[in-house]
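Before any comments, here is the structure.
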2 protein chains.
Amino acid sequence: MRADARRNRDKILEAARDVVAERGTDAPMELIARRAGVGVGTLYRRFPDRNVLLAALAEQYVHELVDALDHAASAGPDAWSAVRAFVVHAVDESRGAVAAALAGTSAPEARQALVERLDVLVGQAQADGAMRPDVGTADVMDLLNVFACNPGVIPERFLPLMLDGLDRRPPGR
Amino acid sequence: MRADARRNRDKILEAARDVVAERGTDAPMELIARRAGVGVGTLYRRFPDRNVLLAALAEQYVHELVDALDHAASAGPDAWSAVRAFVVHAVDESRGAVAAALAGTSAPEARQALVERLDVLVGQAQADGAMRPDVGTADVMDLLNVFACNPGVIPERFLPLMLDGLDRRPPGR
DNA sequence: TCCTAAGTGGACGATCAGCTTCCGCTTACT
DNA sequence: AGTAAGCGGAAGCTGATCGTCCACTTAGGA
């Protein structure tokens with residue numbers, strides 16, 4: 001692949017992440033192309049259809065999410081803080097990637113990788129007695145899904161409230 | 001208005017509530033008509049455009065919501081239970097009506113009526129020390145909005161968790 | 001019962017947004 | 001300098017929804 005082509009490919013993926021974050025996984029392809037400063041033709045040349053693009057998006061960024069999870073796990077004072085930090089990060093910084101990763105058709109193994117890591121942390125947080133025991137990894141994933149699939153939902157206010165809903169003894173009350 | 005016409009009008013409103021709950025305020029008009037067992041022509045005769053329909057929907061059902069709120073207020077053991085019961089009811093039973101009522105353009109006074117009643121209850125719940133003091137009526141309304149504007153979000157699991165996020169001392173932990 | 005104005009359904013043409021192709025021009029690399 | 005790869009974006013296509021229109025039906029009064 002020619003160097004300029006590779007550059008464009010990267011620009012497209014970056015733009016796609018932002019646009020998907022804002023408009024969901026069915027955002028117009030042309031919007032993605034324009035955001036990347038590229039013609040639609042170029043986009044279609046690299047990614048023959050939307051699913052290919054989403055799969056590439058997931059693949060490209062999912063390790064970033066896993067890294068974030070690992071980083072949160074080692075940086076945080078405890079497992080529950082790590083879970084919270086990861087969710088905030090995923091929703092705030094990588095919403096498009098999360099959406100792509102969770103979009104059923106593309107990259108199921110990407111989703112799986114996330115789930116497994118998360119599962120460990122959640123179990124730990126519950127063992128610590130910090131996270132309520134009647135919820136689970138699936139709830140955290142669903143939480144991500146709510147934001148990933150509903151670009152209209154602004155996380156600023158709700159994410160903290162929802163996280164408090166998972167907390168055993170919510171802070172600051 | 002002829003008796004059959006009135007009957008159809010009612011069927012349309014009922015269908016609209018369901019369809020709006022499922023598909024959001026921009027659901028296809030034809031879907032509403034078919035659900036009501038009526039032709040599109042009939043729908044357009046009664047409601048020249050979508051906003052008229054939404055406004056009628058809001059007007060028709062908003063008092064139902066206010067009643068539900070009042071009922072919850074008098075039936076519940078306390079204000080906070082009443083707020084929870086109302087939100088659950090509104091989201092479960094009247095999602096379409098809520099969506100219509102909150103859809104900015106139509107019926108701002110309908111929204112207002114809800115807010116005022118709710119405001120009293122929320123203040124009470126906080127005074128009781130049952131609801132965390134750093135949230136407000138606006139948060140509860142936003143909560144309704146999340147479900148009203150995002151038909152994809154299934155309330156079953158999330159609504160309780162989110163409500164727990166507003167709770168001062170969440171139950172069952 | 002009969003008459004008529006109100007009501008009805010749904011086909012139809014208009015519109016629109018997004019998808020995808022195509023091709024003449026440009027550019028990176030040899 | 002030559003050439004194949006790459007590029008942009010115009011243009012045609014498609015499918016979905018809108019809103020109108022009119023020939024047919026029916027409620028309800030005389």
Side-chain angles (χ1 to χ4, degrees), chain A residues 1-58 60 96 99-100 103-106 149-152, chain B residues 1-58 60 96 99-100 103-106 149-152:
Chain A
M1 192 188 305
R2 239 164 65 173
D4 54 343
R6 150 126 269 126
R7 249 183 336 263
N8 278 335
R9 198 192 124 95
D10 292 345
K11 282 195 290 181
I12 289 170
L13 281 174
E14 200 178 325
R17 178 165 65 167
D18 292 349
V19 171
V20 167
E22 287 164 24
R23 304 270 308 247
T25 48
D26 49 2
M29 298 295 258
E30 199 195 332
L31 193 60
I32 295 172
R34 202 168 303 169
R35 187 76 67 96
V38 134
V40 248
T42 303
L43 190 158
Y44 276 98
R45 163 174 290 264
R46 291 301 151 220
F47 307 100
D49 69 43
R50 160 174 264 101
N51 279 340
V52 173
L53 175 60
L54 290 181
L57 192 57
Q60 173 105 1
T105 56
S106 61
C149 302
N150 293 282
Chain B
M1 193 188 307
R2 238 163 64 174
D4 55 341
R6 151 125 271 126
R7 247 182 339 260
N8 278 336
R9 199 192 124 94
D10 292 345
K11 282 195 291 182
I12 289 169
L13 281 174
E14 199 177 325
R17 179 165 65 167
D18 292 349
V19 171
V20 167
E22 289 164 23
R23 304 269 308 245
T25 47
D26 49 2
M29 298 296 258
E30 201 196 330
L31 192 59
I32 295 173
R34 203 167 302 169
R35 186 77 66 97
V38 135
V40 248
T42 303
L43 191 157
Y44 277 101
R45 164 178 288 263
R46 292 298 151 221
F47 307 100
D49 69 42
R50 160 174 264 102
N51 279 339
V52 174
L53 175 60
L54 289 181
L57 192 57
Q60 172 105 2
T105 57
S106 61
C149 302
N150 293 283

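In what follows, chains carry the letters A, B, and so on, assigned in the order in which the sequence lines appear, proteins first and then strands, with residues in each chain numbered from 1.
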Close approaches to DNA chain C from residues 9-19 of chain B, in residue order (heavy atom, under 4.0 Å): none

Inter-residue atom distance B/Arg45.CZ - B/Ile12.CD1, 0.5 Å rounding: 11.0 Å

Summary of protein contacts for nucleotides 14-27 of chain D, nucleotide by nucleotide, where a base hit scores B, a sugar-phosphate-only hit scores S (4.0 Å, heavy atoms): ---SSBB-----BS

Check: A/Phe47 and A/Met29 side chains under 4.5 Å, non-hydrogen atoms: no

Spacing of A/Leu53 atom CG and A/Leu57 atom CG [to the nearest 0.5 Å]: 6.0 Å

Inter-axis angle, terminal five-pair segments of the helix from C/dT1-D/dA30 to C/dT30-D/dA1 [nearest 10°]: 10°

A/Glu22 CD: over 12 foreign heavy atoms closer than 6.0 Å: yes

A/Val38 side chain reached by A/Ile32 side chain, heavy atoms, under 4.5 Å: no

Phosphate OP1/OP2 of C/dG7: any B/Asn8 side-chain N/O under 4.0 Å: no

For B/Arg2, all residues meeting salt bridge (charged side-chain N to carboxylate O under 4.0 Å, His left out), sequence neighbours excluded: B/Asp4

A/Asn150 side chain vs A/Gly152 backbone, donor-acceptor pair below 3.5 Å: no

Gap between atoms CG and P, on A/Leu43 and C/dC19 respectively (whole Å): 10 Å

B/Arg35 atom CZ, neighbour heavy-atom count above 12 within 6.0 Å: yes

Any residue meeting side-chain contact (heavy atoms from CB on, under 4.5 Å) with B/Arg6, in chain and number order, not counting sequence neighbours: B/Met1, B/Arg9, B/Asp10

Beyond-backbone contact of A/Asn8 with A/Leu43, side-chain heavy atoms, under 4.5 angstrom: no

Neighbour count >12 (heavy atoms, 6.0 Å) for atom CZ, A/Arg34: no

Sugar-phosphate, base or nothing in reach of B/Arg46, heavy atoms under 4.0 Å: sugar-phosphate

Contacting residues from residues 31-39 of chain A, given that a heavy atom lies under 4.0 angstrom of DNA chain D: A/Gly37, A/Val38, A/Gly39

